[in-house]
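Along the sequence shown, residues are numbered consecutively beginning with 1.
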Amino acid sequence: MARVELTPLKPWDDFFPGSDRFAKPDARDLPRWNNRVVNNLLYYQTNYFAMAIIVFLIVGFLNPMGMFMGMAVVSLVFLGSVWAGENKAMIKDFKRQNPTLFVMAVMVASYFLMSLFDGVMVFMFGITFPILLIFVHASLRLRNMKNKLENKIEGAGLKKSPMGILLEALGQQEESLQKIQEFLEGKPKEG
């Protein structure tokens with residue numbers, strides 16, 4: 001099994017060349033579009049990671065208090081939901097024994113969370129905007145020969161990368177998509 005290695009940062013003129021290396025994907029051919037996105041995610045993964053960090057830091061720099069508060073609220077909500085999921089019986093008993101106090105606690109917590117909603121939105125924007133930029137670039141950037149070769153090496157299992165592991169976990173590796181497409185194309189057409 002190959003060890004996991006981070007791909008090198010691609011040069012700017014490869015990552016963002018002239019407009020001749022960008023094209024609108026064919027929305028009617030979803031497997032081909034998906035293949036382009038997956039291959040670009042694998043090839044430019046270090047550039048995408050760097051871009052995501054830079055955009056996240058810029059958003060945080062523009063509104064540091066909102067970013068910090070949003071991060072804190074999202075973390076607290078996540079931890080609170082994990083805690084509540086593991087302590088259902090205790091919460092149920094408290095709710096049954098002190099219904100008024102429980103309703104008041106829910107209302108205070110809701111007010112607190114709503115008052116920090118702008119910070120949550122700043123934090124969520126800092127996460128989702130880089131993802132949108134990455135998806136747009138991966139969708140529009142045409143592949144080149146080096147891109148295709150690197151992806152074949154990763155697909156053959158000779159090399160593993162963090163993005164390859166993530167895409168494999170999501171079931172988006174090229175081989176599985178090709179098998180599905182071949183199965184669908186090999187199916188006798190009814191009509």
Side-chain angles (χ1 to χ4, degrees), residues 1-64 66-67 70-71 74-75 78 120-187 189:
M1 182 174 173
R3 69 172 213 259
V4 177
E5 24 180 286
L6 198 60
T7 61
L9 199 62
K10 306 296 184 242
W12 178 254
D13 59 338
D14 182 23
F15 183 63
F16 200 74
S19 61
D20 58 324
R21 295 301 306 151
F22 287 90
K24 188 177 109 181
D26 184 7
R28 293 170 296 186
D29 191 0
L30 291 180
R32 187 170 181 196
W33 183 5
N34 191 28
N35 187 35
R36 181 192 290 187
V37 170
V38 167
N39 284 309
N40 282 331
L41 286 174
L42 287 169
Y43 187 68
Y44 295 113
Q45 63 186 286
T46 308
N47 294 61
Y48 290 146
F49 183 64
M51 183 177 70
I53 289 173
I54 290 168
V55 170
F56 185 80
L57 290 174
I58 289 171
V59 171
F61 178 73
L62 294 175
N63 191 346
M67 181 64 87
M71 196 180 317
V74 169
S75 299
F78 176 75
V120 172
M121 292 310 292
V122 169
F123 178 68
M124 295 308 287
F125 181 74
I127 292 173
T128 57
F129 189 61
I131 292 171
L132 175 68
L133 291 176
I134 290 167
F135 179 72
V136 168
H137 183 274
S139 292
L140 297 176
R141 177 68 167 94
L142 296 173
R143 295 168 52 205
N144 58 25
M145 218 35 157
K146 286 183 0 186
N147 183 327
K148 292 176 183 178
L149 180 64
E150 288 239 357
N151 291 325
K152 293 297 178 197
I153 290 172
E154 175 129 3
L158 301 174
K159 184 172 136 184
K160 282 282 182 202
S161 65
M163 184 66 77
I165 293 169
L166 176 65
L167 290 171
E168 192 173 307
L170 295 172
Q172 293 297 312
Q173 281 292 40
E174 186 177 348
E175 291 176 348
S176 61
L177 290 172
Q178 285 178 345
K179 288 177 185 174
I180 293 169
Q181 186 175 0
E182 288 170 2
F183 172 75
L184 293 174
E185 289 173 353
K187 212 174 185 180
K189 294 183 181 176

**Student:** Residues in side chain to side chain contact (heavy atoms under 4.5 Å, CB included) with V59, at least two apart?
**Tutor:**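 Per chain and number, V59 pairs via side chain to side chain contact (heavy atoms under 4.5 Å, CB included) with V55, M67, V122, F125.
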**Student:** Mind checking the CG-CE spacing from N63 to M121? Nearest 0.5 Å is all I need.
**Tutor:**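 If I round to the nearest 0.5 Å, the distance is 12.5 Å.
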**Student:** Under 3.5 Å, is there a donor-acceptor pair between the Y44 and R141 side chains?
**Tutor:**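 A pair is found: one side chain offers a donor N or O, the other an acceptor, under 3.5 Å apart.
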**Student:** If we only count heavy atoms from C-beta on, is the F56 to I127 side-chain gap below 4.5 Å?
**Tutor:**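 Yes; the side chains approach each other to less than 4.5 Å.
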**Student:** CG of L142 to CG of N39: how many Å apart, nearest 0.5 Å?
**Tutor:**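 Rounded to the nearest 0.5 Å, the CG-CG separation comes out at 12.0 Å.
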**Student:** Once rounded to the nearest 0.5 Å, what's the spacing between atom CD of Q45 and atom CG of L9?
**Tutor:**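 Going from CD on Q45 over to CG on L9, the span is 11.0 Å.
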**Student:** Got a list of side-chain donor-acceptor pairs under 3.5 Å for residues 129-139, not counting sequence neighbours?
**Tutor:**
from: H137; atom 1: ND1; to: Y48; atom 2: OH; distance (Å): 2.7
from: H137; atom 1: NE2; to: F15; atom 2: O; distance (Å): 2.7
from: S139; atom 1: OG; to: W33; atom 2: NE1; distance (Å): 3.0
from: S139; atom 1: OG; to: F135; atom 2: O; distance (Å): 2.9

**Student:** For R36 and K24, work out which heavy atoms get closest and say how close.
**Tutor:**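 Where R36 meets K24 most closely, the heavy atoms are NH1-C, 4.3 Å.
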**Student:** Can you find a pair of side-chain heavy atoms, one from N47 and one from M51, that are under 4.5 Å apart?
**Tutor:**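 Not in contact.
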**Student:** Which value, rounded to the nearest 0.5 Å, describes the distance between N34 atom CG and L41 atom CG?
**Tutor:**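 Reported value, rounded in 0.5 Å steps: 9.5 Å.
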**Student:** When rounded to the nearest 0.5 angstrom, what is the spacing between CZ in F61 and CD1 in I54?
**Tutor:**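 One finds 14.5 Å between CZ of F61 and CD1 of I54.
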**Student:** What verdict does the side chain to side chain contact (heavy atoms under 4.5 Å, CB included) test give for M71 and V120, after you've listed the backbone C-alpha separation in whole Å, the side-chain angles of each residue and the deciding distance to 0.1 Å?
**Tutor:** CA-CA 7 Å; M71 196 180 317; V120 172; over 6 Å; no
